[in-house]
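Residue numbers run from 1 in the order of the sequence given.
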Amino acid sequence: MNRITQWISDRRILLLLFILLSSGASIQSFLLPPVKYENNIKAYNKFNNYVIFRQSFYHLTDGKDIYQPFPQEHWDLYKYSPAFSLLFGIFATLPDYIGLIIWNCLNAILFVLAIYYLPKIPNFKKGLILLACLLEMMTSIQNEQSNGLMAGLLILAFGLCERKHFFIAAMCIVLSAYIKLFGIVGMSLFLFYPQKWKLTLYSFFWAIIFFLIPLLVIDFGHLLDLYHSWFQLLSSDHSPSAYGFSVFGWLKTWFHFQPQNIWILITGAFIFLIPFTRIKMYSAFDFRLLALCSLLIWVVIFNHMAESPTFIIAMGGIAIWFFTRKMTLVNVILFSLAILLTSLSSTDIISHDFRNQFVRPYVLKAFPCILIWIKIIMDMMRAKMDIEWSTSDQPLSVNTGRYDL
């Protein structure tokens, strides 16, 4: 047991594990034969998402509209910002087999480093958090997605704010928003810290920098056209009948309740912000950490287009919440449901028939995340100022909460 505890507590072992698995998944994607998506006649590379990102850089530098379909090159559309297209040139100029490995490893490494940068949590618990997120990370990596990067930026921003490195924290939040717009919700964390005017100025500074950085390769008129095209694409992506693994899909399939998406989103935002009315709790680290967990889950379950690879973000919040809470029966049951339905449901451990007949139709992947998010909101409303944080690496020293439910 002591040897296992030492391994879990060793950040080098965990970092190496994530790098090796990410590299292996990248090599596998590169070697697998092309596949057909939906009803397409043409087959595309297994690492299709990476190709989308790579080609967006060349479309940008060629002066094209990067948000138009390019069926001869890849399936699906590019949906990120022009700034991300330019920054992806770092990988696009490399051979695919190298760029793909580095891209996937970047997602994994940033996530691991962000978890270890969290203050007051001992390394043993951080190791458990990472192991709990491993399956979801691999799901994201196997799809060459940016979700590990998104989760890492949001968690890292929290750690930076806790250490009063607000300039870099603002960069992380703004960059996450320029990758996927929901990253802007991370700015809610700024409410907990003093000198909010500085945080506002820093955020504005980075927003301008990332807005203008594509001017290195295109003119200003084309840049404005690209932003117009991007927002048109995102607006058309909000089809009333489109639901992913989210609260939207859960309400529709479980209760046949299908109001306009905007009202569900407003309701979710209202519930998310209710604990923020406890201004006196802003000085409590436990409260701020719960807010981070709530944020990480919220941006997934209230994304009407949430797909399976997105859940590394939500699982990050779930794992941080569970391993920094008291081991109550309710918490253990909720966390077990998350492991079973959220993480394992995407693996071969769960049969293909069960996934098709239950997990997907009934949005079971999102269901534990919704329950845990509600529990976190309750935890925030009941949080106390006198919680003591242990820095011990003993595996049983997880009793940092005071709740019986």
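Atoms CG and OG1, from Leu134 and Thr139 in turn, are 9.5 Å apart once rounded to the nearest 0.5 Å. With rounding to the nearest 0.5 angstrom, the CD1 atom of Ile173 is 15.5 Å from the OH atom of Tyr202.
Between Phe182 and Phe302, the gap from one ring centroid to the other reaches at least 6.0 Å. Between Tyr178 and Trp206, a ring centre-to-centre spacing not shorter than 6.0 Å is recorded. In this structure, Trp103 has its ring center no closer than 6.0 Å to that of Phe47. In this structure, Phe53 has its ring center closer than 6.0 angstrom to the ring center of Phe84. Outside the 6.0 Å centre-distance limit, the rings of Phe57 and Phe91 are not counted as a close aromatic pair.
No side-chain heavy atom of Phe18 sits less than 4.5 Å from a side-chain heavy atom of Ile109. For the pair Leu191 and Ile279, the minimum side-chain heavy-atom distance is 4.5 Å or more.
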Take Phe367 and Tyr362 through the test ring pair (Phe, Tyr, Trp, His ring centres under 6.0 Å) and record every step on the way to the result.
-> CA-CA 9 Å; Phe367 178 58; Tyr362 294 100; over 10 Å; no
Verdict with reasoning, Glu136 to Lys365, per salt bridge (charged side-chain N to carboxylate O under 4.0 Å, His left out) | CA-CA 11 Å; Glu136 287 301 332; Lys365 189 175 180 72; 2.9 Å; yes
Determine, stepwise, if the pair Ser85 / Tyr78 fulfils side-chain hydrogen bond (donor to acceptor under 3.5 Å, both in side chains).
-> CA-CA 9 Å; Ser85 290; Tyr78 175 77; 2.9 Å; yes
Before giving the answer on side-chain hydrogen bond (donor to acceptor under 3.5 Å, both in side chains), spell out for Tyr50 and Ser29 the whole-Å C-alpha distance, their side-chain angles and the decisive distance to 0.1 Å.
-> CA-CA 10 Å; Tyr50 178 82; Ser29 295; over 6 Å; no
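Within a 6.0 Å sphere centred on CZ of Phe255, other residues, nucleotides and ligands contribute more than 12 heavy atoms. Counting heavy-atom neighbours within 6.0 Å of Tyr97 OH, excluding the residue itself, gives a total of 12 or less. Counting non-hydrogen atoms of neighbouring residues, nucleotides and ligands closer than 6.0 angstrom, the CG atom of Leu106 exceeds 12 such neighbours.
Applying the side chain to side chain donor-acceptor pair (under 3.5 Å) criterion to His256, with sequence neighbours excluded, gives no partner residue.
Considering Lys120, Arg325, Lys326 in turn, Arg325 is the only one that fulfils the salt bridge (Lys or Arg N to Asp or Glu O under 4.0 Å) rule with Asp286.
For Lys42 and Tyr44, the positive end sits near the middle of the six-membered ring, less than 6.0 Å away and at most 45° from its axis. Arg11 forms a cation-pi arrangement with Tyr116, by the criterion of a distance under 6.0 Å to the ring centre and an angle within 45° of the ring axis.
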